[in-house]
A.B. asks: 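I am attaching a structure below and will ask some questions about it afterwards.
Here the structure is a predicted model, which means the values were calculated and not measured. What you see below is based on every heavy atom in this structure, not just the backbone, and it leaves out hydrogens, waters and symmetry mates.
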Amino acid sequence: MSLLGKDVPRSGSGALMVRAEGVHKSFGPAHILKGIDLEVNPREVFCLIGPSGSGKSTFLRCINHLEKISAGRLYVDGDLVGYRQKGDKLYELKEAEVAAQRRDIGMVFQRFNLFPHMTALENVMEAPVQVKRESKAVARERAQRLLDRVGLGDRTGHYPAQLSGGQQQRVAIARALAMEPKLMLFDEPTSALDPELVGEVLDVMRDLAEDGMTMIVVTHEMGFAREVGDSLVFMDDGVVVEAGHPREVLTNPQHERTRSFLSKVL
């Protein structure tokens, strides 16, 4: 049975799900992203790898406007993220409009960010009830189904402190899916986990990929990228150094910087 239990949302126009054009991001004098150009197709698993500080997580946060880009354009499903263009000028959207865009983009962080005072079921229900104004009955049914799918149907009444790190991250994935997003962003979702717990989270992500969810995954799990990824980008110092099919990049990197990085992580 599908992890989602329904058809995955499709791109509205059959166009690219994500398009980045010359994206720059600076924090004061620190130039973090230096002209990122990339494209992500609907239903694609797009993996980002690279050393710490290369700009991967910053780019991910720009996609849903958690960080404002300094220059360039970012589009999700054909819509300009965070801005409206009139003529040659960009005007930042109001917070309510930005929030409406974010509803279609699920994000899973390194740290689980669950509400500690809420059970697993309540954590998954919260956003649909508060943001989409769904009835609690509808939200509860979906939350139960999603927790069943991520293997936590018997943990619905547990609080985060009563769950392992891997279980908390699976609740976080279910929580993101509860908003029925058309795009999922994963920011090193296994980096905070003990090694023996990594597999259970990657298994859920594999199921999502099989269901056709469009995913952008910042990861150090090269086996996952090789087995599940459709595209792989190696970033360093705020630029895309190399891109291609994961197996090709990982087994036959063309750039010396890529080879040096992979020699340390493979």
A.B. asks: Would you be so kind as to tabulate the donor-acceptor pairs closer than 3.5 Å made by side chains of residues 228-236, with sequence neighbours excluded?
C.D. replies:
| from | atom 1 | to | atom 2 | distance (Å) |
| --- | --- | --- | --- | --- |
| D230 | OD2 | V45 | N | 2.8 |
| S231 | OG | E44 | OE2 | 2.3 |
| D236 | OD2 | R257 | NE | 2.7 |

A.B. asks: Using every non-hydrogen atom in the two residues, find where G106 and P181 come nearest and quote the distance to one decimal.
C.D. replies: N-CB, 3.5 Å
A.B. asks: Tell me whether E134 is salt-bridged to R142, with the criterion being a basic N under 4.0 Å from an acidic carboxylate O.
C.D. replies: yes
A.B. asks: Can you say whether the rings of Y83 and H65 are parallel (under 30°), tilted (30 to 60°) or perpendicular (over 60°)?
C.D. replies: perpendicular
A.B. asks: Is there a side-chain contact between V240 and I36, using heavy atoms and a 4.5 Å cut-off?
C.D. replies: yes
A.B. asks: Using a strict cut-off of less than 4.0 Å between a Lys/Arg side-chain nitrogen and an Asp/Glu carboxylate oxygen, indicate whether D148 and R145 qualify as a salt bridge.
C.D. replies: no
A.B. asks: So, E210 side chain and D207 main chain: donor-acceptor pair closer than 3.5 Å or not?
C.D. replies: no
A.B. asks: Any side-chain heavy-atom pair from Q167 and L197 closer than 4.5 angstrom?
C.D. replies: no
A.B. asks: Is the shortest side-chain N to carboxylate O distance from R84 to E92 below 4.0 Å?
C.D. replies: no
A.B. asks: Does any non-hydrogen side-chain atom of E221 lie less than 4.5 Å from one of L202?
C.D. replies: yes
A.B. asks: With a 4.5 Å cut-off on side-chain heavy atoms, are V81 and C62 touching?
C.D. replies: no
A.B. asks: Do V18 and L16 have side chains that approach each other closer than 4.5 Å (heavy atoms only, starting at C-beta)?
C.D. replies: no
A.B. asks: Do the side chains of R102 and E95 get close enough for a salt bridge, i.e. N-O under 4.0 angstrom?
C.D. replies: yes
A.B. asks: Tell me whether Q101 contacts the main-chain N or O of G82 through its side chain, where contact means a donor paired with an acceptor under 3.5 Å.
C.D. replies: yes
A.B. asks: Where the side chain of E97 meets the backbone of K94, is there a donor-acceptor pair that is under 3.5 Å apart?
C.D. replies: yes
A.B. asks: Show the nearest heavy-atom pair for residues G55 and I32, with the distance to one decimal.
C.D. replies: CA-CG2, 4.0 Å
A.B. asks: Determine whether E126 and F115 make a side-chain contact, defined as any pair of heavy atoms from C-beta on separated by less than 4.5 Å.
C.D. replies: yes
A.B. asks: Rounded to the nearest 0.5 Å, what's the gap from CE on M184 to CE on M179? Could you check?
C.D. replies: 12.0 Å
A.B. asks: Which atoms form the tightest heavy-atom contact between R226 and L266, and what is the distance?
C.D. replies: NH2-CD2, 4.0 Å
A.B. asks: Of all the heavy-atom pairs spanning V124 and R175, show the shortest one and how long it is.
C.D. replies: CG2-N, 3.9 Å
A.B. asks: Is there a side-chain contact between D104 and L183 (heavy atoms, below 4.5 Å)?
C.D. replies: no
A.B. asks: May I ask you to test the F27-E67 pair for a side-chain heavy-atom distance under 4.5 Å?
C.D. replies: yes
A.B. asks: Look only at the side chain of Q254 and the backbone of N252, and say whether a donor-acceptor pair between them is shorter than 3.5 Å.
C.D. replies: yes
A.B. asks: Which atoms form the tightest heavy-atom contact between V23 and R73, and what is the distance?
C.D. replies: CG2-O, 3.4 Å
A.B. asks: Please find the pair of heavy atoms, one from Q168 and one from L163, that lie closest to each other, and give the distance.
C.D. replies: NE2-O, 3.3 Å
A.B. asks: Does NZ belonging to K68 count more than 12 external heavy atoms closer than 6.0 Å?
C.D. replies: no
A.B. asks: Would R206 and E227 count as a salt bridge (charged side-chain N to carboxylate O under 4.0 Å, His left out) if you check the C-alpha gap in whole Å, the side-chain angles of each, and the deciding distance to 0.1 Å?
C.D. replies: CA-CA 9 Å; R206 285 188 182 92; E227 297 163 21; 3.2 Å; yes
A.B. asks: Quick check: does any side chain N or O of H31 sit under 3.5 Å from a backbone N or O of L33, one acting as donor and the other as acceptor?
C.D. replies: yes
